[in-house]
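These numbers come from a predicted model, not from an experiment.
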Amino acid sequence: MDLRHYLHLLRRNWLLLVVSIALCISVAVYHDSRQPSVYRAYAQVLLLPENVVDPNAGATSTGRLDAFRYGAAQLALITSSKIADPASERLDGVSSAAVRDNLSASIDESSTIITVQATARQPDRAAATANAVIESYVENRSQASTGKLTEAIDEIEVRLAELSQTLASFPIDELTADQVAVQQQYQSLFARQQDLRVQLSLQQGTAEILDPAETPGAPIGLGLLSKIILAVLLGGVLGVAAAYAREQLDDRVRSREEVQRLTGLPILAELPVDRAATSRPTYLATVDRPLDPLAEAARSLRTNVGFLGLDRPIRRLAITSALPGEGKSLVAANLAAAYAQAGHRTVLVSADLRRPSLESLFAVGRTTGLSDAFSYVAPKADSDESWIEALVRRHVVSTRVEDLYLLPAGTPVPNPSELLSSNRMDDLLDALSHAFDMVIVDTSPILSVADAAALSTKVGDVLLVASMPTTRRRTLTRLVEATEATHARVLGVALNRISTGIVAYGGYYEPPTADSSGDEVEPMSPTNRLRYGDIRPRSPRISDRT
């Protein structure tokens, strides 16, 4: 399908598209109302080179651990209870387990920066949790870095106190070797203690706060507006997919291009929906409202049929459809009326002997007709012209339309297929063609019974009627196959019950209400026929021929 077909698809399924979008928006709003707002705060810690001091070695050795292993160890530490416990003490009413559940950390190995993420229902609580964690972590790293130096200083302090007591026990006026040894040991330890104090003052921690957490201004995740926008997009995609799936599953014919592709036949006319015909059994648009879009379409159909008969004039035309209910009888009646209005002496044959409908349309009561004509035998003494005139006089009735006559279906018979396929039917059609300018035969649906197939072969020219709202693609294909099997010439397809919004007929002229003298003019008066009809010279009547 091209872009125009997709637009038509969306126009036909606009309700499905709207429902899909509305449903997705409802789900998004419901999800947003049921999901509580969660805030996330970020804080950053910079890792520094670790100083490892051996108090017994008398010197400081500095080493850097493997960056990957060291970073992984720090991430495990910062999310452990060793950091969560002191962090929970800094927060009021927050347990250590709650801190760990809402805490995550990651490291940028290229810059040794740890990013701590804390989530909470309140924005200030999220920021406070992140800050408490990094403060506890930096404090822990500081304590771990200076712990050994502090222990060494404390041990030396105890030893110096013991040596001081020993020195106090020696006599003041004597200087013994033991006293000298103790004094030297005291001085050495005191110097060592002073060195360690200097190192402790110069010792830096292994981490420092780089960027404390700030109170987040918006919750994490998508906001309501973003969810609605995504819901509209998702609903539109789902609606289009559902419309396309529905189009593929529904095999009803949707456009004239599709009819042409399936049948390979031209579209001779597009007849709009005739809503007045459903409420008024005897309403005929070409007669009651000659400027109605349906009447314009019927005249267009008459003109196109005439163009197809330039080389071989079309004098007999069978009208059929695939299945009942597609409006073929109404199309036949309007087309026959259009021919009569153009000055052609026309007879409309009600050849659907099983379910005739033209009699009620023209308000013709129960009378003899086509089925009765089969039993009529012309007297041998009469000429052919006399027989034809007698046949017309017996069974053909006039209608309220000038030059339009009706051959009713007649008395119901049990074997309509045998009658319509008999040689007698050929004689009847020849007689009607001799008496009238145009013979239009309303047949039964060709896929329902065999009557139409037998009759189409005898008539010669066939017009197919397809109802756009009801005709299926498979049915249309079978219709073409059935008509091709009759070896009759199929002129084309008349699309019936087209939506009035896409029909090009009507609306250009206004119905005339008065002539130049001010008198009311009837729609079917000779004046109107001369103005709006396609008048052709009439053929001689039977009396003129005889």
Side-chain angles (χ1 to χ4, degrees), residues 31-53 55 63-154 200-223:
H31 180 269
D32 185 79
S33 63
R34 299 292 296 179
Q35 185 179 16
S37 299
V38 177
Y39 295 85
R40 178 176 294 165
Y42 299 87
Q44 290 183 331
V45 175
L46 177 64
L47 296 180
L48 301 174
E50 184 177 10
N51 296 331
V52 182
V53 179
R64 183 185 301 272
L65 298 177
D66 180 79
F68 179 78
R69 295 173 55 194
Y70 181 69
Q74 298 310 303
L75 290 180
L77 174 63
I78 205 170
T79 55
S80 66
S81 59
K82 195 171 184 179
I83 302 300
D85 291 343
S88 64
E89 295 177 358
R90 298 172 184 266
L91 301 171
D92 297 334
V94 180
S95 63
S96 176
V99 172
R100 295 182 63 186
D101 291 340
N102 297 291
L103 185 68
S104 63
S106 60
I107 186 170
D108 183 2
E109 297 180 2
S110 61
S111 59
T112 64
I113 296 177
I114 293 179
T115 301
V116 176
Q117 305 174 9
T119 57
R121 298 286 181 84
Q122 297 81 23
D124 53 349
R125 176 65 68 183
T129 301
N131 288 328
V133 168
I134 63 174
E135 290 171 1
S136 300
Y137 173 73
V138 170
E139 183 179 351
N140 177 274
R141 291 294 85 202
S142 178
Q143 291 176 357
S145 176
T146 61
K148 292 183 179 181
L149 289 175
T150 303
E151 291 177 0
I153 292 172
D154 293 341
L200 180 63
S201 63
L202 296 177
Q203 180 68 32
Q204 62 180 356
T206 58
E208 67 178 14
I209 297 176
L210 180 63
D211 189 10
E214 298 180 355
T215 302
I220 61 176
L222 298 176

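- With a 4.5 Å cut-off on side-chain heavy atoms, Ile78 and Val133 count as touching.
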Check against side-chain contact (heavy atoms from CB on, under 4.5 Å), Leu75 and Ile114:
CA-CA 8 Å; Leu75 290 180; Ile114 293 179; 4.1 Å; yes
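- Residues satisfying the side chain to side chain contact (heavy atoms under 4.5 Å, CB included) criterion with Leu77, sequence neighbours excluded, are Gln74, Ser80, Lys82, Ile83, Tyr137, Asn140, Arg141.
- Within the 4.5 Å cutoff, side-chain heavy atoms of Thr115 are placed close to those of Tyr42.
- With sequence neighbours left out, the side chain to side chain contact (heavy atoms under 4.5 Å, CB included) criterion links Asp85 to Ser81, Ser96.
- When all heavy atoms are compared, the tightest approach of Tyr39 to Pro219 is CE2-N, 3.4 Å.
- In terms of the side chain to side chain contact (heavy atoms under 4.5 Å, CB included) criterion, residue partners of Ser104 (sequence neighbours excluded) are, by chain and number, Gln117.
- In this structure, the side chains of Leu103 and Thr119 stay at 4.5 Å or more apart for every pair of heavy atoms.
- From Arg100, atom CZ reaches atom OG of Ser88 across 11.0 Å, with rounding to the nearest 0.5 Å.
- With a 4.5 Å cut-off on side-chain heavy atoms, Val45 and Leu210 do not count as touching.
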Review item, side-chain donor-acceptor pairs of residues 120-127, under 3.5 Å, at least two apart:
residue	atom	partner	partner atom	Å
Arg125	NH2	Asp92	O	3.4

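- Glu135 is linked by a side chain to side chain contact (heavy atoms under 4.5 Å, CB included) to Arg90, Asn131, Ile209, counting only residues two or more places apart in sequence or in another chain.
- With sequence neighbours excluded, no residue satisfies salt bridge (charged side-chain N to carboxylate O under 4.0 Å, His left out) with Glu208.
- Counting only heavy atoms from C-beta outward, the side chains of Thr129 and Val99 approach each other to under 4.5 Å.
- Summarising the geometry, atom CD belonging to Gln44 is positioned 5.5 Å from atom CD1 belonging to Ile113; distances are rounded to the nearest 0.5 Å.
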